[in-house]
Chemist: 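One structure coming up, written as structure tokens, with questions to follow.
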Amino acid sequence: MDIWDGLIAASAFMAGLTLVRNAQRRHGRGNAVAGSAAPIELVARPANQVAVLCMDELVASSRTQGLLRGLEQRTRFSRAMFARDCLPVLEALADYVQMLPASECHHHAQPGGLWIHLLEVTDAALTFRAGIELPQGATTEERKRLEHRWTYGVFCAALLHDIGKPVTDLHVTLYAHEPRSGRPWAPLAGPMRAHGASHYSVEFVDASERDYQAHHKLGAMLLHQFVPARLIRWLSEEGDVLKQLLAYLSAESHDGPIGTLIKRADSDSVSRNLLHGPRTRFASARTQPLIERLMEALRRMLKDGGILPLNRPGAAGWVYEDSIWFVCARLADEVRAYLQQHESAQGLPGKDKNDRLFDTWQESGACLPAPEGGAVWRVWVQCETWRSPDALTVLRFPLSKLFAKPEDYPAAMNGCISTEPLSPATPCPAPAASTTAAPVLAPASPPWEFMAASEPIPTTQELSMPLPDLDPDVQSMPPADDGLLAPHEMADLHVEPSTHPAPHTGPALTLGSPLRPHQPSGPKPAKGATPAAEAFMAWVAEAVGTGVLKYNEEGALVHFAAEGCLLLSPEIFKRFIDGRREDEDGPIHALLQSHGDKAYARLQNELAKSGWTRRNGDENLHYYAFTKTDGSLSRVVSCYLLPQPELFWNPVPKANERLRAVARTKKAKPKQEG
């Protein structure tokens with residue numbers, strides 16, 4: 001037997017021993033050595049000890065099957081290449097992060113949160129990567145030659161961008177067969193299993209001692225634990241990929257193309273989890289989420305009455321269109337002072353970090369985003385005989401987020417608020433129709449309230465909930481382009497009640513005054529929306545708001561999903577074009593004159609280029625199926641996705657729980673049905 005035969009035999013023996021130990025652990029036998037005849041007695045473990053899982057168990061417990069399936073599609077690697085070069089990284093990552101959370105009380109704080117967050121960011125980053133040319137400035141031939149290297153660099157950067165958190169943010173204690181004898185885990189020395197652990201417990205580094213940026217610097221140091229050396233050499237052979245990857249993972253630079261992609265994907269995952277994710281936290285979590293502290297303080301201050309005066313010249317805020325519009329700096333200073341007086345200043349951003357408070361309110365959905373993006377609005381105020389001479393920077397809080405019942409809402413101001421300058425010659429615009437009449441707008445409990453920190457960590461059995469089998473014609477698909485849990489995965493997670501109207505089965509619900517279509521937040525698209533696309537979206541917004549177009553109902557052409565608003569194609573475009581055939585002028589008349597019966601196809605193309613829609617990889621359409629009453633799925637429908645429905649409707653209707661994102665197969669041809 002030569003050395004290679006010996007190594008292979010030893011590896012096979014160790015693999016077999018690992019399988020035996022895993023099986024024994026699952027049957028309560030501790031770490032019995034293979035071949036031992038006497039069974040080991042079952043040992044009762046404290047509730048805070050979590051079992052070390054293999055990758056299959058982790059995926060089942062965290063319900064991330066769909067995310068993993070999607071990663072292979074988004075890399076665009078061959079199946080063999082993905083299995084050879086990507087799966088080992090994912091397996092090493094699963095072995096390392098286990099069921100650890102991504103934070104104590106912020107985003108992805110639930111068991112398995114770090115694993116879920118890393119997969120979500122990777123899914124989103126690969127989606128965004130498909131839409132840009134790398135390396136930038138290179139010829140088409142060079143980009144094609146280096147395409148897979150850059151994709152793999154993005155894959156590694158996304159998976160490892162928060163891999164330092166177990167080192168800097170957590171104290172993990174490892175246990176073997178003796179549950180009362182633990183020792184600290186040294187993450188830099190390898191995964192828990194390599195230390196002989198079968199279980200572990202989690203404590204959080206005290207907030208006063210934590211360096212929140214330290215984990216960003218450790219990714220480069222840990223790279224070799226996850227990425228095989230041959231692939232690191234491959235990345236270094238040509239181009240700038242490895243340099244960019246190391247610069248990002250060592251926190252030297254986040255401005256390169258890789259860093260820019262990961263930052264965008266990370267933001268998507270975080271904001272979506274804060275808005276819609278589960279509120280479960282580890283039992284050992286002790287820090288109260290900042291958003292809870294801010295909102296509790298704000299509610300108490302409003303109840304006290306004198307701290308935040310409303311509806312008068314020089315007030316802290318004004319009630320208008322079912323919202324309180326607070327002056328930014330004054331609100332931040334008053335809330336900070338109130339918390340310092342009644343609680344403590346620990347964990348509060350300083351006066352030079354007001355933007356952190358604003359971001360916290362916006363990320364958690366407590367305040368509405370401004371039309372141009374961000375939390376801060378620029379408005380002009382007229383209150384009684386007083387007008388603001390200059391624009392004020394304000395935050396807009398819906399009344400339903402501040403008060404439990406509509407009868408507790410303060411009276412509206414005697415005046416108006418406008419996003420355009422006001423002058424004595426300009427009368428105040430009439431406020432939009434009230435939307436508070438529907439009681440569903442006042443949730444019983446605010447969506448940012450987390451479950452009690454004392455809630456025990458779910459066991460593996462409690463967390464493991466297999467997904468239902470899908471129709472063979474429909475392949476389950478991970479989240480759409482925003483990198484978040486797919487609808488079929490979100491369905492089983494605990495989410496607090498939404499403030500959006502619930503689906504209805506009666507007459508179409510009138511939403512009040514729909515917002516006029518306008519350019520999406522962020523940079524304006526290179527060409528912008530065409531007049532035809534603007535006319536189409538103005539019609540959709542108005543028709544849904546007035547009930548002319550049904551939504552979330554059987555046969556409807558508009559549905560709302562977790563990812564945004566879905567427009568069923570091509571039927572909704574044909575309906576719009578058919579209703580404009582008698583136009584004697586305007587953009588739709590021009591489309592009909594130049595494209596005839598194919599005018600709807602041209603309109604689809606113009607909407608896709610408007611900046612209002614999101615692509616699905618290399619195509620414009622997204623595919624969904626509807627859950628039938630017997631639990632099976634309908635045929636697939638093709639849709640255009642509007643990821644920012646708040647640009648067109650206020651409030652945005654609740655997502656249709658029957659929708660399931662799917663991957664289109666050869667047998668599953670799109671069909672227009674609801």
Chemist: Do Cys86 and Glu72 have side-chain heavy atoms sitting under 4.5 Å apart?
Modeler: no
Chemist: State which residues pass salt bridge (charged side-chain N to carboxylate O under 4.0 Å, His left out) with Arg143; sequence neighbours excluded, sorted by chain then number.
Modeler: Glu133
Chemist: Is there a donor in the side chain of Thr64 and an acceptor in the side chain of Trp115, or the other way round, less than 3.5 Å apart?
Modeler: yes
Chemist: For Arg129 versus Glu147, what's the shortest heavy-atom pair and its separation?
Modeler: NH2-O, 3.4 Å
Chemist: Run the salt bridge (charged side-chain N to carboxylate O under 4.0 Å, His left out) test against Arg230 and tell me which residues pass, sequence neighbours left out.
Modeler: Asp85
Chemist: Salt bridge (Lys or Arg N to Asp or Glu O under 4.0 Å): which pairs involve residues 86-98, sequence neighbours left out?
Modeler: Asp95-Arg193
Chemist: For Trp361, enumerate each residue passing the side-chain hydrogen bond (donor to acceptor under 3.5 Å, both in side chains) test, keeping only those at least two apart in sequence or located in another chain.
Modeler: none
Chemist: Please tell me whether Arg378 and Thr393 have a donor and an acceptor in their side chains that are separated by less than 3.5 angstrom.
Modeler: no
Chemist: For a quick test of your reading: what N or O donor-acceptor pairs under 3.5 Å do the side chains of residues 259-266 make, sequence neighbours left out?
Modeler:
| from | atom 1 | to | atom 2 | distance (Å) |
| --- | --- | --- | --- | --- |
| Thr260 | OG1 | Gly256 | O | 2.8 |
| Asp266 | OD1 | His117 | NE2 | 2.9 |
| Asp266 | OD1 | His161 | NE2 | 3.3 |

Chemist: Glu563 and His622: side-chain donor and acceptor closer than 3.5 Å?
Modeler: no
Chemist: State which residues pass ring pair (Phe, Tyr, Trp, His ring centres under 6.0 Å) with Tyr96; sequence neighbours excluded, sorted by chain then number.
Modeler: Trp185, Phe226
Chemist: Counting C-beta onward and ignoring hydrogens, is there a side-chain heavy-atom pair between Gln98 and Leu58 closer than 4.5 Å?
Modeler: no
Chemist: For the side chain to side chain contact (heavy atoms under 4.5 Å, CB included) test, which of Val59, Thr122, Leu118, Leu68 pairs with Leu90?
Modeler: Leu68
Chemist: Can you tell me if CE on Met81 sees more than 12 non-hydrogen neighbours from other groups inside 6.0 Å?
Modeler: yes
Chemist: Examine the side chains of Arg336 and Asn354 and answer whether a donor and an acceptor come within less than 3.5 Å of each other.
Modeler: yes
Chemist: Quick one: pull up CZ in Phe128 and CG in Asp268 and give me the separation to the nearest 0.5 Å.
Modeler: 4.0 Å
